[in-house]
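All values below come from the heavy atoms of this structure, side chains included, with hydrogens, waters and symmetry mates left out. Both ligands and their constituent atoms are indexed starting at 1 by order of listing.
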Amino acid sequence: MEFPAELRDRLAAVRRLGVITGAGISAESGIPTYRGIGGVYADPARGDEIIDSLSGETLESDPDRTWRALAELAAHASGAEPNAGHLAIADMERRVPEFVLLTQNVDDLHLAAGSRNVIRVHGSIHDARCLGCAAITSMTREVLAALEAAPRCASCGGLLRPGAVLFGEMLPTDAVRRMEAEFSLHPPDAVLVVGTSALFSYIVGPVVDAAHEGRLTIEINPEETALSPVVEYHLKGRAGHYLPLIADALRR
Ligand code: NAD
Ligand code: ZN
């Protein structure tokens, strides 16, 4: 797990850094990923079942089932705290003049670690929204994990929907607008992608664009992904190992 010396020099010159994360960065906090090493749904039948439960369609036909699946995910995440990788990313934001973080995670561990300019493209598991009056209800992981049916709004009694984007649903428009502004209109001079199986076009796109334009691209993942042949550096290992080394190489 070596760290290339010339990458160290390249990082020292970065002024605007874009970081993209997926479930892999939270694996070392004890939150299982969906796919890849240690993925909780490595079993294909179980995977199909959970994806079906966490779909926009199931939320409409059987909201209790969607909420029970979310409760199960929250139970898997009980006691999880930010790890060395989350903390290193928060440190990077303090070291470079301009910084943006795009995360697919719904666990809010980046915020807990102190990251500020964060685009949560898949929302947050901790915010629920009333389908009747649109009020937001914050839920702790413990409250979520204990749910046995769809919760109701305290002010109007309406059905609550999860604050996370479900499979088959559109992305939040404000997140899409921010992704465009931060990664296309004003592109980072280095893009670092960590712990994602990189299945979504809006995750792949900013990395491919940067690579094609000759900007610095780095992937951290113990496995090969569709992005591995595209990036300039694939650091094949754990986020918690490589991210502190990268933060350290950035100028202060
Ligand atoms: P994914 O589960 O599809 O892929 C995880 C990736 O992380 C794999 O490529 C794996 O090789 C890599 N990985 C595993 N351990 C790692 C480590 N220690 N360091 C670096 N990489 C590691 O995750 P995804 O691409 O984010 O897509 C899954 C979807 O499910 C996302 O939409 C996300 O919102 C959601 N999800 C979120 C969480 C969370 O919030 N923590 C957890 C599971 C799934
Ligand atoms: Zn309401």
(message) Any donor-acceptor pair under 3.5 Å linking the side-chain atoms of His110 with those of Thr21?
(response) yes
(message) Please confirm whether Gly240 approaches ligand 1 to less than 4.0 Å, judged on its heavy atoms.
(response) no
(request) State the atoms of ligand 1, each with its element, that fall below the 4.0 Å cut-off from a heavy-atom position in Thr33. (result) 2 (O), 5 (C)
(request) Could you tell me whether the side chains of Arg178 and Asn117 share a donor-acceptor contact shorter than 3.5 Å? (result) yes
(request) Quick one: list whatever passes side chain to side chain contact (heavy atoms under 4.5 Å, CB included) with Pro188, sequence neighbours left out. (result) Arg16, Phe183, Val191, Arg215
(request) Would you mind running through ligand 1 and noting each atom that sits below 4.0 Å from a heavy atom of Gly22? (result) 26 (O)
(request) Compute the ring centroids of His122 and Phe167, then answer whether they are less than 6.0 Å apart. (result) no
(message) Given a threshold of 2.8 Å, state how many protein N/O/S atoms are nearer than that to the Zn ion (ligand 2).
(response) 4
(request) Could you tell me whether Arg238 and ligand 1 have an N or O pair separated by under 3.5 Å? (result) no
(request) Just jot down the ligand 1 atoms closer than 4.0 angstrom to any heavy atom of Ala27, in number order. (result) 15 (N)
(message) When you compare ligand 1 with Gly195, is there at least one nitrogen or oxygen pair between them that comes in under 3.5 angstrom?
(response) yes
(request) Output the list of atoms in ligand 1 that are nearer than 4.0 Å to some heavy atom of Ala23, sorted by atom number. (result) 2 (O), 23 (O), 24 (P), 26 (O), 38 (C), 42 (C), 43 (C), 44 (C)
(request) Would you mind listing every salt bridge (Lys or Arg N to Asp or Glu O under 4.0 Å) that reaches into residues 110-125, with sequence neighbours excluded? (result) Asp108-Arg120
(message) Against ligand 1, does Val194 come closer than 4.0 Å with any heavy atom?
(response) no
(request) Determine whether Glu98 and Arg15 make a side-chain contact, defined as any pair of heavy atoms from C-beta on separated by less than 4.5 Å. (result) no
(message) With heavy-atom distances below 4.0 Å as the criterion, list the atoms of ligand 1 near Glu223.
(response) 10 (C), 11 (O)
(request) Show which atoms of ligand 1 fall inside a sub-4.0 Å distance from at least one heavy-atom site of Ser26. (result) 41 (N)
(request) Would you indicate which of Asn221, Leu199, Thr103 comes nearest to atom 12 (C) of ligand 1 when only heavy atoms are counted? (result) Asn221
(request) Could you verify whether a donor N or O on one side chain and an acceptor N or O on the other, from Glu219 and Thr225, lie under 3.5 Å apart? (result) yes
(message) At under 4.0 Å between heavy atoms, is it the side chain or the backbone of Ala164 that contacts ligand 1, or both, or neither?
(response) neither
(message) Can you list everything that forms a salt bridge (Lys or Arg N to Asp or Glu O under 4.0 Å) with Arg129? Sequence neighbours excluded, please.
(response) none
(message) Nearest 0.5 Å, please: how far is CG in Leu216 from CG in Leu7?
(response) 6.0 Å
(request) Return the option from His110, His122, Glu219 holding the heavy atom at the smallest distance from atom 32 (O) of ligand 1. (result) His122
(request) Flag the pair Leu243 / Val194 as yes when at least one side-chain heavy-atom distance between them is below 4.5 Å, and no otherwise. (result) yes
(message) Need the ligand 1 atom indices (1-based, order shown) with element for anything under 4.0 Å from a heavy-atom of Glu28.
(response) 17 (C), 18 (N), 19 (N)
(request) Pick whichever of Ala239, Ala80, Gly30, Gly24 has a heavy atom sitting closest to atom 13 (N) of ligand 1. (result) Gly24
(message) If you count heavy atoms of other groups shown closer than 6.0 angstrom to CD of Glu60, is the number above 12?
(response) no
(message) Under 4.0 Å from a heavy atom of Ile31: which atoms of ligand 1 are those, numbered in the order shown and with their elements?
(response) 41 (N)
(request) Decide yes or no for Leu235 and Leu245: does some side-chain heavy atom of the first lie under 4.5 Å from some side-chain heavy atom of the second? (result) no
(request) Given side chain to side chain donor-acceptor pair (under 3.5 Å), test Ser55 with Thr58 step by step and report yes or no. (result) CA-CA 5 Å; Ser55 69; Thr58 299; 3.1 Å; yes
(request) From atom 37 (C) of ligand 1, work out which of Ile220, Leu109, Asn105 has a heavy atom at the shortest distance. (result) Asn105
(request) Measure the CG-CG distance between Leu54 and Leu70 for me, rounded to the nearest 0.5 Å. (result) 5.5 Å
